[in-house]
Amino acid sequence: MPERQYVAAQFNPWDRRAYTYHNDGEPLAAGDKAVVESARGGEVFVTVISVSNEAPKFPTKPILRKAPPKDEPDLLGAGDDADVEASREARA
């Protein structure tokens with residue numbers, strides 16, 4: 001079983017803030033795309049900025065899965081149209 005990773009990620013390239021998630025699945029590296037749950041309950045893409053094995057002093061939410069390469073279809077779950085559009089813009 002892979003060691004838990006703590007992943008700093010951004011929703012958009014222009015974001016100044018990164019959010020920390022934990023990842024128990026396929027290992028991620030800086031530059032990878034991952035899928036997380038949005039605040040509205042849908043799924044959105046984030047870009048991995050950095051990865052650490054050291055746990056932060058605050059609770060984290062999970063990375064749901066590594067995103068498929070751009071040439072594969074999106075595997076997003078049911079979310080509202082704004083979540084889906086935001087995730088597509090974040091991947092562009």
Side-chain angles (χ1 to χ4, degrees):
M1 177 190 266
E3 187 173 342
R4 176 172 276 187
Q5 294 179 305
Y6 295 92
V7 177
Q10 291 179 315
F11 288 89
N12 297 295
W14 56 85
D15 287 344
R16 292 185 176 197
R17 180 175 178 175
Y19 296 87
T20 303
Y21 293 87
H22 62 267
N23 176 38
D24 294 323
E26 181 179 352
L28 295 168
D32 285 344
K33 300 285 187 189
V35 179
V36 299
E37 186 174 339
S38 77
R40 294 183 216 127
E43 295 180 345
V44 295
F45 290 100
V46 294
T47 302
V48 176
I49 303 303
S50 64
V51 177
S52 172
N53 292 331
E54 189 173 326
K57 296 183 190 300
F58 50 85
T60 56
K61 294 182 179 181
I63 295 278
L64 300 177
R65 62 187 172 277
K66 187 174 181 177
K70 280 191 172 191
D71 59 339
E72 290 184 24
D74 292 344
L75 301 175
L76 291 178
D80 67 28
D81 291 338
D83 285 337
V84 173
E85 188 60 35
S87 69
R88 287 189 180 133
E89 288 175 9
R91 291 182 51 202

Once rounded to the nearest 0.5 Å, what's the spacing between atom OG1 of T47 and atom CG of D15? 9.5 Å

Using modelled atom types and a 3.5 Å cut-off, is there a donor and acceptor pairing between side-chain atoms of N23 and backbone atoms of G25? yes

Could you pull out all residues at least two apart from E37 that satisfy side-chain hydrogen bond (donor to acceptor under 3.5 Å, both in side chains)? none

Quick one: do N53 and R4 satisfy side chain to side chain contact (heavy atoms under 4.5 Å, CB included)? Show the steps, please. CA-CA 7 Å; N53 292 331; R4 176 172 276 187; over 6 Å; no

If we only count heavy atoms from C-beta on, is the E43 to L64 side-chain gap below 4.5 Å? yes

Would you say that Q5 contacts E26 through its side chain, given a criterion of any heavy-atom pair below 4.5 Å between the two side chains? no

Non-hydrogen atoms of P56 and T20 that approach each other most closely: CG-CG2, 4.2 Å

Could you list the residues that satisfy side-chain hydrogen bond (donor to acceptor under 3.5 Å, both in side chains) with T60, not counting sequence neighbours? H22

Tell me whether Y19 shares a hydrophobic cluster with V36, the cluster being built from Ile, Leu, Val, Met, Phe, Trp, Tyr side chains joined at under 4.5 Å. yes

For a quick test of reading the model, state the closest non-hydrogen atom pair linking V44 to S38 and the distance between them. CG1-CB, 3.9 Å

Does V51 belong to the same Ile/Leu/Val/Met/Phe/Trp/Tyr cluster as V46, with side-chain heavy atoms less than 4.5 Å apart forming each link? yes

Apply ring-ring contact (aromatic ring centres under 6.0 Å, His included) to residues Y21 and Y6 and explain how you reach the verdict. CA-CA 6 Å; Y21 293 87; Y6 295 92; over 10 Å; no

Among all residues two or more places apart in sequence or in another chain, which pass the side chain to side chain contact (heavy atoms under 4.5 Å, CB included) test with A18? A8, Q10

Evaluate side chain to side chain contact (heavy atoms under 4.5 Å, CB included) for K66 paired with L28, printing each intermediate quantity in order. CA-CA 7 Å; K66 187 174 181 177; L28 295 168; 3.7 Å; yes

